[in-house]
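Just so it is clear, the values below take in all heavy atoms, side chains as well, and ignore hydrogens, waters and symmetry mates. We count residues from 1, following the sequence as given.
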Amino acid sequence: MPGSSFVSTTIPYVNAQPHLGHALEYVQCDAYARHMKRCGDDTFLLSGSDENSLKNVLAAEQKGVPTQTLVDENFARFSQLIESLGIDLSYFIRTSVDRDHIDGAIEIWRRMERVGDIYTKEYEGLYCVGCEQFYGDVELVDGACPEHLTRPELVREQNYFFRLSRYQDRILSAIKEGKLNILPASRSNEVVSFVRSGLSDISISRSVKRARGWGIPVPGDPDQVMYVWIDALTNYVNALGWTRGDDRYDRYWKDAGKRVHVMGKGVIRFHAVYWPAMLMSAGLPLPTDVVVHGYITLSGQKISKSLGNVVDPAELVERFSADAVRYFLLADVSPFSDADFSEERLLARYHTDLANGLGNLVNRVTSMIGRYRDGVVPAIGPVEDVESQLVTQMLKSQMESLEAMDRYDHRESMARIWDLVRRANAYVDERAPWHLAKAAQQDEESALLLDTTLHHLAGVIQQLAGMLDPFLPTAAQRLATALNVRLSDVHAQGDGLPDLTGRNVEKPDALFPRFEV
């Protein structure tokens, strides 16, 4: 039953420009949110920038500029990437300047403090600035951080701690009872294993001196700032203005049917363990789904700003179009596992599936309706088995594509859509409308069969527009425009072939022009 939903990306550090991994998460979340909207949900899509990190401070020092200047500049780059990819964002939160975020982070701290979950003690540990995380000796790989391959520094100072250990059983129960779903199952097993091994209390503050004076102050203690992850995680509810009674909080979090966090595998512990425990402590509802994707790699190595092997997604969009980048990320990249990137692979999928597959289909159909029926969709004529098979494939693709997206499997969903694209192209070849048109000059039966063929193909293209909207919204709109229909009406179509009789059709400019590199 339609209701309301919440979908969020993680909020990346803005110590450098965005890379292709950020683009992956943006288009994944956009597709999930558009899918939910298509199914009738009132959906809120959130993204933002994590600006209170020590990484940002160190990057600003290296460039010789104030930290606020650095985060302002890089925020603009992330914002531009989101716009260029066609992400239908509801809100972008900035943790260094957004008043709702600052007030919300302080309120959650106070709530955790009131129930006795915060205390102070001196702490010593190995700290990776890149992860903004303490590591135990057993978690290091040859003495280095497993994510950034750098040696963590030894830190000793008086910190505030959160009693994470109190929430071990409650987190396990939430996962077991399905109140906190972690996808895929392998990641859920990973979290359960980690929690069962025993949760230790975590340091949740840093000295102002070590933080270089950057961050949200700990309430009542001017010498400490909040640990960046404790501050950052609260953005998901703070963006909804919960501390000032904004009704968006009730609609999109408290009463939402789905509260979905999407993230890379490197930050699962924060979102599936620390954040649920903080919410339990603060008396706020948990996320319903934690969806974990893999990394995009180059020659098998993780793409990372710190490793210096960054692929600029903005440049890819400028060279090859948002459709090409979105299609590669959603149709070629696994929603849950690592995937290797190359321009050759991106272009191969684009040319094979979009230019030669869907683009060719739309070009053929609109051209034939223009040539043989003066640009007007004809009424349906006699229907034979080949038409029934086409409609059966259309309904099968619709159902299986929707079911895959309900499981957050965008790659499977797009594969099922392309089953229909291939079947429709095969149907054109089987019916050979060019032969029917020639025979129709002397044979009424051929003329009626030509009408049936063009009628079915127009209906299939309309349904493809609706099916593609979560993934390629610009291309979907162009399909709808070519058929002179509204995309919102396409979403409302029931089962069966739509009747476009009498609709004026216009051949669009090349939907997916070829690229030579």
Residues Phe341, Phe328; criterion ring-ring contact (aromatic ring centres under 6.0 Å, His included); working and verdict: CA-CA 9 Å; Phe341 169 79; Phe328 171 78; 5.5 Å; yes
Give the intermediate values and the outcome of side-chain contact (heavy atoms from CB on, under 4.5 Å) for residues Val485 and Leu500. CA-CA 9 Å; Val485 297; Leu500 297 179; 3.9 Å; yes
For a side-chain contact (heavy atoms from CB on, under 4.5 Å) check, start with the C-alpha distance between Val490 and Leu479, then their side-chain angles and the critical distance, and finish with the verdict. CA-CA 11 Å; Val490 176; Leu479 293 187; over 6 Å; no
Please lay out, stage by stage, how Arg187 and His293 fare under the test side-chain contact (heavy atoms from CB on, under 4.5 Å). CA-CA 10 Å; Arg187 298 299 175 192; His293 62 77; over 6 Å; no
Decide side-chain contact (heavy atoms from CB on, under 4.5 Å) for Ile175 and Val191; before the verdict, give the C-alpha distance in whole Å, the side-chain angles of both, and the deciding distance to 0.1 Å. CA-CA 9 Å; Ile175 296 171; Val191 171; 3.9 Å; yes
Candidate pair Glu25 and Thr10, rule side-chain hydrogen bond (donor to acceptor under 3.5 Å, both in side chains), full reasoning: CA-CA 8 Å; Glu25 196 166 294; Thr10 54; 2.6 Å; yes
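Looking at Asp88 and Lys37, a side-chain N of the basic residue comes within less than 4.0 Å of a carboxylate O on the acidic one, giving a salt bridge. Salt-bridge annotation for Arg94 and Asp72: present, with a side-chain N of the basic residue lying under 4.0 Å from a carboxylate O of the acidic one. Arg251 has a carboxylate O that lies under 4.0 Å from a charged side-chain N of Asp42, or vice versa, which qualifies the two as a salt bridge. Look at Arg319 and Glu343 and you find a salt bridge, because one of the NZ, NE, NH1 or NH2 atoms lies within 4.0 Å of a carboxylate O, short of that distance. In summary, Glu61 and Arg212 engage in a salt bridge, as defined by a charged side-chain N under 4.0 Å from a carboxylate O. Ion pair Arg244/Asp100 flagged as a salt bridge, since at least one NZ, NE, NH1 or NH2 atom sits closer than 4.0 Å to an Asp/Glu carboxylate oxygen. For Asp323 and Arg326, the salt-bridge test fails: no basic side-chain N is under 4.0 Å from an acidic carboxylate O. Residues Glu73 and Arg77 are not paired through a salt bridge, judged by the lack of any N-O separation under 4.0 Å between the basic side chain and the carboxylate. The pair Asp332-Arg345 meets the salt-bridge criterion, with a side-chain N (NZ, NE, NH1 or NH2) lying under 4.0 Å from an Asp/Glu carboxylate O.
Under a cut-off of 6.0 angstrom, the local environment of CD in Glu153 is crowded, with over 12 non-hydrogen atoms contributed by other residues, nucleotides or ligands. Atom CZ of Arg210 has more than 12 neighbouring heavy atoms from other residues, nucleotides or ligands inside a 6.0 Å radius. For Gln68, the CD atom sits in a packed shell: over 12 heavy atoms of surrounding residues, nucleotides or ligands are nearer than 6.0 Å.
No donor-acceptor contact under 3.5 angstrom links the side chains of Thr366 and Glu506, judged on distance only. In summary, the side chains of Asn238 and Thr234 do present a donor paired with an acceptor at a separation below 3.5 Å, with no hydrogens or angles considered. Remark: the Ser397 side chain and the Asp419 side chain contain no N/O donor-acceptor pair separated by less than 3.5 Å. Side-chain contact check for Asp469 and His35: no donor-acceptor pair (N or O, by modelled atom type) lies under 3.5 Å. A donor and an acceptor atom, one from each side chain of Asp289 and Tyr32, are nowhere located under 3.5 Å apart.
If you look at Phe320 and Phe515, their ring centroids are closer than 6.0 Å. Centroid-to-centroid, the aromatic rings of His410 and Phe471 stay 6.0 Å apart or farther. The distance between the ring centers of Phe162 and Tyr274 does not fall below 6.0 angstrom.
Between Pro285 and Leu279, the closest heavy-atom pair is O-CD1, 3.5 Å. In terms of heavy atoms, Val292 sits closest to Pro184 at O-CD, 3.6 Å. Annotation for Pro498 and Gln462: closest pair CB-NE2, 3.4 Å, computed over non-hydrogen atoms. Closest approach of Gly3 to Asp41, counting heavy atoms only: N-OD1, 2.7 Å. For the residue pair Gly357 and Val421, the shortest heavy atom distance occurs at C-CG1, 3.8 Å. The heavy-atom pair separating Glu412 from Ala404 by the smallest distance is CG-CB, 3.7 Å.
Proximity of a side-chain donor or acceptor of Asn52 to a complementary backbone N or O of Thr95 within less than 3.5 Å is detected. Using a distance-only test at 3.5 Å, with no hydrogens or angles considered, a donor-acceptor pair links the side chain of Asn181 to the main chain of Gly178. Within the 3.5 Å criterion, the main-chain N or O of Phe75 finds no donor-acceptor partner in the side chain of Ser49. In this structure a side-chain-to-backbone donor-acceptor pair under 3.5 Å is present from Thr481 to Gln477. For the pair Arg111 (side chain) and Ala282 (backbone), a donor-acceptor distance under 3.5 Å is present. Put simply, the side chain of Asn56 gets close to the backbone of Glu51: a donor and an acceptor are under 3.5 Å apart. A donor-acceptor pair under 3.5 Å links the side-chain atoms of Arg259 to the main chain of Trp253, judged by distance alone. Remark: the backbone N or O of Ser401 is paired with a side-chain donor or acceptor of Ser413 at under 3.5 angstrom. Counting only distance, with no hydrogens or angles, the side chain of Tyr295 and the backbone of Gly266 share a donor-acceptor pair below 3.5 Å. Although no hydrogens or angles enter the test, the distance criterion places no donor-acceptor pair under 3.5 Å between the side chain of Asp50 and the main chain of Pro12.
Checking each of His271, Met278, Arg269 against Trp229 for a side-chain contact (heavy atoms from CB on, under 4.5 Å) leaves exactly one that passes, namely His271. No option in Phe270, Tyr408, Tyr236 other than Tyr236 meets the ring pair (Phe, Tyr, Trp, His ring centres under 6.0 Å) test with His261. With Tyr327 as reference, Trp418 is the one residue of Tyr350, Phe512, Trp418 to meet the ring pair (Phe, Tyr, Trp, His ring centres under 6.0 Å) rule.
No side-chain heavy atom of Gln398 sits less than 4.5 Å from a side-chain heavy atom of Ile417. Counting heavy atoms from C-beta outward, Val7 and Phe44 have side chains that stay 4.5 Å or more apart. Within the 4.5 Å cutoff, side-chain heavy atoms of Arg38 are placed close to those of Leu402. Taking the side chain as every heavy atom from C-beta outward, Ile268 and Ile182 approach each other to under 4.5 Å. Proximity of Ser47 to Ile87: side-chain heavy atoms (C-beta onward) are nowhere separated by under 4.5 Å. Under the 4.5 Å side-chain criterion, counting only non-hydrogen atoms from C-beta, Leu180 is not in contact with Thr288.
Annotation: the span from Leu472 atom CG to Leu464 atom CG amounts to 11.0 Å, rounded to 0.5 Å. Of the inter-residue distances, the one linking Asp250 atom CG with Trp242 atom CH2 reads 12.0 Å to the nearest 0.5 angstrom.
For the pair Arg206 and Tyr227, the cation sits on the ring face: its NZ or CZ lies under 6.0 Å from the ring centre, inside 45° of the axis.
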